[in-house]
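To start, the structure itself, in structure tokens.
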Amino acid sequence: MLGERIHAPQIASGDLLREAVRDNTPVGIQARSYMDKGSLVPDELVLKLIDARLDQPDAKSGFILDGFPRSVPQAEALAGMLKDRGERISKVVAINVPEDELVKRISGRRTCRNCNEMYHVVFDPPAKPGICNKCGGELYQREDDDEATVRHRLQVYNNATKPLLDYYGKAGLLSQVDGVGPSEEVLHRILAKIGDGAGAKAAS
Ligand code: AMP
């Protein structure tokens with residue numbers, strides 16, 4: 001929704017990794033076991049995918065990074081990649097949701113194999129069970145979306161990713177947004193923070 005609104009591609013490290021796993025590329029073969037456990041994939045693999053993605057033509061006039069960076073070393077590597085390209089981060093948004101709510105959202109999540117559109121079995125079910133509204137693709141549950149793996153992913157977040165709040169806070173780039181509520185409302189909160197006129201109006 002945000003990407004459509006600000007006309008920027010969403011570059012999600014998790015999507016890039018899942019594609020690599022699906023296509024059995026050398027990166028995908030190495031990444032798979034880390035992803036199944038809900039652990040972080042080694043930096044060198046993730047950085048390779050992000051670096052190649054940033055070279056695509058649609059990323060030349062801005063992009064949204066989603067799920068990357070996931071640690072301070074990744075943030076430092078990103079700073080280097082952007083510097084080499086004469087680019088910079090304009091804003092970092094942390095979307096805050098309580099852990100129990102996250103577990104509920106993620107364990108009911110279903111994703112389209114074809115276009116990556118997401119649904120929730122209770123909060124946002126597709127019109128036809130198991131079928132994507134947008135493209136008719138098959139919906140599946142990610143293997144790492146079971147409750148035990150989600151709890152492990154939250155631990156990984158607290159250990160490796162949370163320090164980025166301080167890192168980007170000190171750099172003056174961070175905005176925190178309440179992620180509880182309907183997705184349209186959360187979108188407007190984000191737009192208000194990143195300076196979209198319509199978002200600012202909706203938030204006032
Ligand atoms: P996500 O789709 O963002 O929930 O990511 C799914 C899985 O992909 C994570 O649990 C990690 O195993 C891996 N992953 C995604 N992004 C990264 C990243 N930036 N660094 C390391 N591993 C990642």
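Whatever order the structure lists them in is the order used to number ligands and atoms, beginning at 1. Source: prediction; values computed, not measured. Note that the numbering runs from 1 along the sequence shown for the chain.
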Looking at ligand 1, would Lys37 count as a contact under a 4.0 Å heavy-atom criterion? no

Is Arg110 positioned over the aromatic face of Tyr119, cation under 6.0 angstrom from the ring centre and no more than 45 degrees off axis? no

Ignoring hydrogens and angles, tell me if any N or O in the side chain of Asn158 forms a donor-acceptor pair with the backbone of Leu154 under 3.5 Å. yes

So that I can tick it off, tell me whether Arg105 and Asp145 are bridged by a salt bridge, with the cut-off set at under 4.0 angstrom between side-chain N and carboxylate O. no

Return a yes/no value for Gly67: is any of its N or O atoms, backbone included, closer than 3.5 angstrom to an N or O of ligand 1? yes

Under a 3.5 Å cutoff, is there a donor and acceptor pairing between the side chains of Asp36 and Ser33? no

Side-chain heavy-atom pair Gln10, Asp66 within 4.5 angstrom cut-off: yes

N/O separation below 3.5 Å, Arg18 to ligand 1: yes

I need the atoms of ligand 1 closer than 4.0 Å to a non-hydrogen atom of Ser39, numbered in the order shown. 11 (C), 12 (O)

Quick one: look up the protein heavy atom nearest atom 5 (O) of ligand 1 and list residue, atom name and how far away it is. Arg70 NH2, 3.2 Å

Using a 4.0 Å heavy-atom cut-off, which part of Asp144 comes near ligand 1: side chain, backbone, both, or neither? side chain

Is it true that Leu40 and Val150 fall in one hydrophobic cluster, defined by side-chain heavy atoms closer than 4.5 Å? no

Which option wins on minimum heavy-atom distance to atom 23 (C) of ligand 1: Ile106, Leu17, Leu16? Leu17

Which one holds for Arg142 and ligand 1: side chain close, backbone close, both close, or neither close, with close meaning a heavy atom under 4.0 Å? side chain

Counting each atom of ligand 1 from 1 as listed, which ones have a heavy atom of Gly14 under 4.0 Å away? 2 (O), 5 (O), 15 (C), 16 (N)

Would you mind checking which non-hydrogen protein atom is closest to atom 8 (O) of ligand 1, with the distance to 0.1 Å? Met35 CE, 3.6 Å

Gln74 neighbourhood, listing ligand 1 atoms whose heavy-atom distance to it stays under 4.0 Å: 18 (C), 19 (N), 20 (N), 21 (C)

Can you list the atoms of ligand 1 that are under 4.0 Å from a heavy atom of Val46? 18 (C), 19 (N), 20 (N), 21 (C)

Counting from 1 in the order shown, the ligand 1 atoms closer than 4.0 Å to a non-hydrogen atom of Ser13 are 15 (C), 16 (N), 17 (C), 18 (C), 19 (N)

Say whether, by atom type as modelled, one donor and one acceptor occur between the side chain of Ser107 and the main chain of Val103 under 3.5 angstrom. yes

Is there a path of hydrophobic side-chain contacts, each under 4.5 Å between heavy atoms of I, L, V, M, F, W or Y residues, that connects Leu102 with Val156? no

Counting only N and O atoms by type, is there a donor-acceptor contact under 3.5 Å from the side chain of Thr149 to the main-chain atoms of Gly38? no

For ligand 1, is any non-hydrogen atom under 4.0 Å from Val41's backbone (N, CA, C, O), its side chain (CB onward), both, or neither? both

